[in-house]
Peer 1: 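Mind looking over this structure? Questions follow.
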Amino acid sequence: MKKYRKISGKGWTGAEYVRFAVLVLVVLGIGAVCFGAGLLASRPRAQAESAVPGTVYETETVTEHQLVINQKEVEPVSVSAKEEFYLVSETGYLLVFAQDQSTICLHTHIPITEFPEREQERLRAGIWFESMMEIFHYLESYTS
């Protein structure tokens, strides 16, 4: 028949401390192994991508006549041609045309009904702007 120790106010024996310490170390070790395995399993893996066969990718190259060695002697080129844009309403929405009035530069998807009646008349007739930035400022002032 086994003898059981009575529960009393006495402390643990040295052997019980050793068993408890071993148990704690085993639990901590298993936890560390599980945590490490989880980290390894969840990390993103790099996959090598291959090029699409028959595809030529554009790269930026500088030919010899474009290469500038002495930057101090380079002068900016002034643009003499002035580009203008034409903002007009077609089929109820605003479009931006280039200076030739046939090339569409931008579909705004902004309905003309968002503008006051006076501006709607101007937009139906068309408004000229010197830059695309002026058009953006104009549209922002009426749509925000």
Peer 1: If you group Ile, Leu, Val, Met, Phe, Trp and Tyr by side-chain heavy-atom gaps below 4.5 Å, do Val27 and Phe35 land in one group?
Peer 2: no
Peer 1: Below 6.0 angstrom between ring centroids: does that apply to Tyr138 and Phe129?
Peer 2: yes
Peer 1: Yes or no on side chain to side chain contact (heavy atoms under 4.5 Å, CB included) for Ile127 and Val88, after CA distance, side-chain angles and deciding distance?
Peer 2: CA-CA 6 Å; Ile127 304 172; Val88 67; over 6 Å; no
Peer 1: With rounding to the nearest 0.5 Å, note down the distance linking SG in Cys105 to CG in Leu87.
Peer 2: 11.0 Å
Peer 1: Following the transitive rule for hydrophobic clusters with a side-chain heavy-atom cut-off under 4.5 Å over Ile, Leu, Val, Met, Phe, Trp and Tyr, establish whether Tyr17 and Val24 coincide in one cluster.
Peer 2: yes
Peer 1: Side chains of Leu95 and His107: does their closest heavy-atom pair fall under 4.5 Å?
Peer 2: yes
Peer 1: Let me see the working for Leu106 and Ile135 under side chain to side chain contact (heavy atoms under 4.5 Å, CB included), right down to the final yes or no.
Peer 2: CA-CA 11 Å; Leu106 178 67; Ile135 293 174; 5.5 Å; no
Peer 1: Under the ring pair (Phe, Tyr, Trp, His ring centres under 6.0 Å) rule, collect the residues that match up with Tyr86, sequence neighbours excluded.
Peer 2: Trp128
Peer 1: Indicate, with yes or no, if Phe20 and Ile30 share a hydrophobic cluster defined by side-chain heavy-atom contacts under 4.5 Å among Ile, Leu, Val, Met, Phe, Trp and Tyr.
Peer 2: no
Peer 1: Taking the six-membered ring where the residue is Trp, are the ring centres of Phe115 and Tyr142 under 6.0 Å apart?
Peer 2: yes
Peer 1: Under the side chain to side chain donor-acceptor pair (under 3.5 Å) test, which residues partner Glu134, sequence neighbours left out?
Peer 2: none
Peer 1: Does the pair Arg19/Glu16 count as a salt bridge with the N-to-O cut at 4.0 Å?
Peer 2: no
Peer 1: I want to check something: taking the side chain as every heavy atom from C-beta on, are Gln120 and Ser89 in contact at a cut-off of under 4.5 Å?
Peer 2: no
Peer 1: For a 4.5 angstrom cut-off between non-hydrogen side-chain atoms, does Leu139 reach Leu94?
Peer 2: yes
Peer 1: Look at the side-chain heavy atoms of Ile, Leu, Val, Met, Phe, Trp and Tyr, link any pair under 4.5 Å apart, and say whether Leu123 and Met132 land in one connected group.
Peer 2: yes
Peer 1: Would you give the length of the straight line joining atom CD of Glu84 to atom CZ of Phe97, rounded to the nearest 0.5 angstrom?
Peer 2: 15.5 Å
Peer 1: In Å, rounded to the nearest 0.5 Å, how long is the span from CD of Glu130 to CD of Gln99?
Peer 2: 10.5 Å
